[in-house]
Amino acid sequence: MAELTDNQWHVLIVEDDDINFEVLKAMFNTENIIARSATGNDCISYCESRRPDIILMSISLPDITGLEICKILRSNKATADIIIVFITSNSDDETQLSCWNAGANDFVCKPVNLSTLKKRLEAQVKLFRQTQLFKELSHKDGLTGVFNRRYLDNELPKLLALANRNKIPFCVFMIDIDWFKLYNDCYGHLSGDSCLKKVALEISKHLNRGSDALCRYGGEEFVCLLPGTDTEGALKLANKLVKHIHSQLIEHKLSPLKYLSVSVGVAVTDVCENLNEKAWLTAADEALYQAKHKGRCSFAIKNLERING
Ligand SMILES: Nc1nc2c(ncn2[C@@H]2O[C@H](COP(=O)(O)OP(=O)(O)OP(=O)(O)O)[C@@H](O)[C@H]2O)c(=O)[nH]1
């Protein structure tokens with residue numbers, strides 16, 4: 001299966017009949033990982049722990065139907081985008097419609113024409129890759145490669161809802177490069193662009209938790225989303241970031257400090273409650289304004305304990 005072999009694909013065949021399983025398995029060359037589940041429950045636990053790329057699904061199984069399994073997998077974020085293709089012996093209208101309604105990517109009727117099945121899988125794989133690429137590009141800033149404003153606007157409300165529900169600490173940094181207009185004036189816009197990339201890279205080196213995210217907010221402003229970071233952690237991180245950027249000794253002749261620096265506005269709470277994204281970004285922006293007024297190359301902090309609305 002040439003189109004699937006430039007990456008190794010992980011295929012789960014959900015089939016209780018040994019002969020049918022062997023026929024389907026023979027379609028794939030040895031570079032692919034082929035697994036089998038003979039029951040619905042086994043399929044669900046397999047997908048939760050190993051997440052295959054493709055499932056070839058029989059409809060009738062000894063415990064739950066393939067249609068039910070498909071619905072369960074689609075409702076779980078971790079398994080929702082697995083490619084699921086039904087292999088059905090019943091091709092009546094009602095069965096076909098049930099497959100689509102359950103969330104199938106495609107289905108083929110028995111007796112299976114293996115060439116058709118291969119072609120259909122190749123088409124699904126191609127579509128999946130394109131969708132992944134599109135998702136990645138639509139959330140990334142073209143210049144710096146960090147997340148973009150669209151990602152921030154999508155993710156911040158979700159992260160806050162989770163933090164509010166679990167009453168965990170939450171923190172937002174708004175980071176702005178100091179005297180950046182003068183930097184562009186002095187070194188040119190292309191050097192300004194390189195400088196933005198370097199600053200993004202240096203900031204991202206300090207974000208070590210999987211849940212931390214760095215976004216370009218616009219122009220020379222960045223936002224860090226830091227779920228689980230409390231006041232003490234935020235103070236340490238902001239201090240480290242400000243010092244680290246200045247210690248890179250990126251020449252900035254027109255800055256009073258002679259080297260490039262950033263200012264950081266920190267909005268933080270130790271117990272997240274009833275806070276919406278607008279309140280957070282406003283607080284981080286106000287803190288940034290204070291940091292700028294302190295003379296730049298600095299940070300200021302705003303504690304948010306309870307802001308409603
Ligand atoms: N090279 C480059 N410059 C940008 C980009 N986006 C915004 N800028 C520039 O960033 C500069 C921001 O200037 P200001 O908002 O006046 O702020 P500043 O000069 O950094 O001054 P303070 O923030 O007060 O320290 C402007 O000159 C923008 O043109 C970009 O993508 N590339």
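Counting convention: from 1, in listed order, for ligands and their atoms alike.
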Provide, to 0.1 Å, the distance between [atom] and the closest protein heavy atom, together with that atom's residue and name.
atom                    : answer
atom 14 (P) of ligand 1 : Glu220 OE2, 3.9 Å
atom 32 (N) of ligand 1 : Asp193 OD1, 2.6 Å
atom 18 (P) of ligand 1 : Phe180 N, 3.3 Å
atom 7 (C) of ligand 1  : Gly219 CA, 3.4 Å
atom 22 (P) of ligand 1 : Lys292 NZ, 3.4 Å
atom 21 (O) of ligand 1 : Trp179 N, 3.6 Å

Write down the atom of Asn105, the atom of Trp100, and the distance for their closest heavy-atom approach. O-CZ3, 3.5 Å
Under a 3.5 Å distance rule, please check whether [X] uses its side chain to pair with a backbone N or O of [Y] as donor and acceptor.
X      : Y      : value
Asp230 : Asp270 : no
Ser58  : Glu15  : no
Asn113 : Ser115 : yes
Arg150 : Ser138 : yes
Arg296 : Val262 : no
Asp63  : Gly40  : yes

Nearest heavy atom to atom 28 (C) of ligand 1, choosing from Thr144, Leu288, Leu190, Asn184, belongs to Asn184
Proximal ligand 1 atoms for [X], defined as those under 4.0 Å from one of its heavy atoms:
X      : answer
Leu196 : 2 (C), 5 (C), 30 (C), 31 (O), 32 (N)
Lys181 : 11 (C), 13 (O), 18 (P), 19 (O), 20 (O), 27 (O)
Arg296 : 22 (P), 24 (O), 25 (O)
Arg216 : 5 (C), 6 (N), 30 (C), 31 (O)
Asp176 : 23 (O)

Trp280 and its side-chain contact (heavy atoms from CB on, under 4.5 Å) partner, picked from Val223, Asp285, Leu160: Leu160
So, are Lys181 and Asp185 salt-bridged, with charged N and O less than 4.0 Å apart?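 Counted as a salt bridge, because a side-chain N and a carboxylate O are separated by less than 4.0 Å.
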Leu182 N/O under 3.5 Å from ligand 1 N/O: no
